[in-house]
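First comes the structure, then the notes that go with it.
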Amino acid sequence: MPANLTPEFLAARERFNKAKTDEERLDALQEMLATIPKHKGTEKMQADIKRRIAKLREKMEQRRRSGKGGGPSFHVEREGAAQVALVGPPNSGKSSLLSALTNASPDVAPYPMSTFRPCPGMMEYEDIQIQLVDLPPITPEYTEGWVYGLVRSADAVLLCLDLSDEKCFERADEVIELLSTRHILLVDGPSRQADWRTVEKRTLVVGLKEDLAPERGKELSQWAAGRFPHATASPATGQGLEALRRAIFRTAGVVRVYTKKPGHPPDMTQPYTLREGATVLDVVEHIHKEFVDRLKYVRLWGSGRFAGQHAPLDHVVQDGDILEIHIA
Ligand SMILES: Nc1nc2c(ncn2[C@@H]2O[C@H](COP(=O)(O)OP(=O)(O)OP(=O)(O)O)[C@@H](O)[C@H]2O)c(=O)[nH]1
Ligand SMILES: [Mg+2]
């Protein structure tokens with residue numbers, strides 16, 4: 001067994017071993033695949049995890065088709081730089097927001113519980129795309145387990161509130177509480193596996209339908225102060241949507257890095273996208289695994305202080321950094 005398995009991977013494997021349902025098993029396997037160190041020594045394990053995921057998905061799909069046990073279960077393939085889950089009480093405007101920010105056309109209805117399956121859409125932000133996933137509401141009455149499964153595997157969360165509902169903050173607290181009983185904690189910090197069963201998800205609170213209750217924006221600031229970053233918007237009027245795109249990008253925890261060839265200007269057309277906290281070495285590995293063994297040095301422009309100097313391999317890259325990779 002390779003010696004360099006990370007604590008995150010070990011926690012996910014522990015979760016897999018203790019899982020009682022296929023949904024939990026699938027969730028843990030996906031986390032294992034996401035956190036396993038990617039190098040030659042783990043290739044067999046990676047293949048094994050992928051095989052198990054495929055088998056499990058097939059089994060779950062068959063069960064769904066045959067209508068037996070557990071009800072429907074859904075999985076949304078991750079696309080783009082990050083996957084962000086739209087979470088909130090019924091009728092808060094989640095589907096309207098997806099429709100306003102992406103090319104998707106989910107069902108929007110003037111009554112609660114109109115969404116009953118996930119709907120992904122791609123949101124453009126400058127030179128990248130972020131996947132938003134609209135979900136059924138989270139309510140104390142009933143929310144199917146797979147909804148929590150999707151929130152758990154997303155990179156970040158948008159907690160959507162209806163500002164025209166005077167009880168919107170109570171309802172938001174209820175959603176936060178329901179998620180926490182499922183060991184999903186909404187936080188103002190990087191998304192991470194906190195222990196073997198608890199995940200923390202970076203969260204942006206979005207006050208929607210601002211056009212109906214512009215005065216409630218202040219209450220939102222007070223309610224969210226010290227807990228979450230927040231924004232307001234109206235999918236119906238388009239108000240606030242551009243600022244919201246930027247806020248969603250920040251919440252998604254993505255950094256873009258660009259590369260240049262020695263003696264050439266940087267290629268600013270196609271960034272590589274990595275998770276926040278990624279190091280220079282992670283970028284090199286992301287671009288080409290083989291480069292790691294052949295790496296001589298990396299010159300960096302950006303990070304607030306580099307202008308082409310050699311960068312330490314453990315230097316954490318920032319959004320917009322430019323790397324010139326020198327290999328043997
Ligand atoms: N005035 C106004 N109405 C809005 C806005 N956004 C959504 N609505 C209305 O609010 C109602 C609910 O919107 P949805 O987008 O279906 O809400 P949802 O959160 O997806 O609802 P569920 O899927 O049932 O949880 C619809 O009648 C929308 O037209 C907005 O910005 N302003
Ligand atoms: Mg909806």
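As the structure lists them, so they are numbered: ligands from 1, and atoms in each ligand from 1. What you see is a predicted model; the values in this text were computed from it and never measured. Just so you know, residue 1 is the first one in the sequence shown, and it goes up from there.
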Distance under 4.0 Å to a non-hydrogen atom of [X]: what atoms of ligand 1 satisfy this?
X	result
Pro90	25 (O)
Ala109	11 (C), 12 (C), 13 (O), 16 (O), 26 (C), 27 (O)
Gly93	13 (O), 14 (P), 15 (O), 17 (O), 18 (P), 19 (O)
Ser96	6 (N), 7 (C), 13 (O), 14 (P), 15 (O), 28 (C)
Ser234	31 (O)

Between Ser153 and Gln30, does any side-chain donor sit less than 3.5 Å from a side-chain acceptor?
-> no
Could you name the option among [options] that has the heavy atom nearest to [atom]?
atom	options	answer
atom 32 (N) of ligand 1	Asp211, Leu86, Asp134	Asp211
atom 20 (O) of ligand 1	Pro89, Ser95, Cys119	Ser95
atom 28 (C) of ligand 1	Val108, Leu135, Thr139, Ile138	Val108

Under 4.0 Å between a side-chain nitrogen and a carboxylate oxygen: does that hold for [X] and [Y]?
X	Y	result
Asp48	Arg52	yes
Asp173	Arg227	yes
Arg275	Asp282	no
Asp162	Lys209	yes

Does Asn91 put an N, O or S atom under 2.8 Å from the Mg ion (ligand 2)?
-> no
Look at Ser96 and state whether any of its N, O or S atoms is less than 2.8 Å from the Mg ion (ligand 2).
->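 False for Ser96.
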Pi-cation contact, Phe169 with Arg216 (under 6.0 Å, within 45°) | no
Any chance CD of Glu58 has more than 12 other-residue heavy atoms, nucleotides or ligands included, within less than 6.0 Å?
-> no
Around Glu14, counting heavy atoms of other residues, nucleotides and ligands shown, do more than 12 lie under 6.0 Å from its CD?
->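 It does: Glu14 CD has more than 12 such atoms within range.
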Contact with ligand 1 for Asn91, non-hydrogen, under 4.0 angstrom |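 Yes, that is the case, since the closest heavy atom of the residue is under 4.0 Å from the ligand.
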Take every heavy atom of Gly88, measure it against each atom of ligand 1, and state whether any distance is under 4.0 Å.
-> no
Is the backbone of Cys160 close enough, under 3.5 Å, to the side chain of Lys94 for a donor and an acceptor to pair up by distance?
->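 It does not hold such a pair.
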What do you reckon, does Glu210 have a nitrogen or oxygen under 3.5 Å from a nitrogen or oxygen of ligand 1?
->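 So ligand 1 has no N or O lying under 3.5 Å from an N or O of Glu210.
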Would you say ligand 1 has an N or O under 3.5 Å from any N or O of Asp107?
-> no
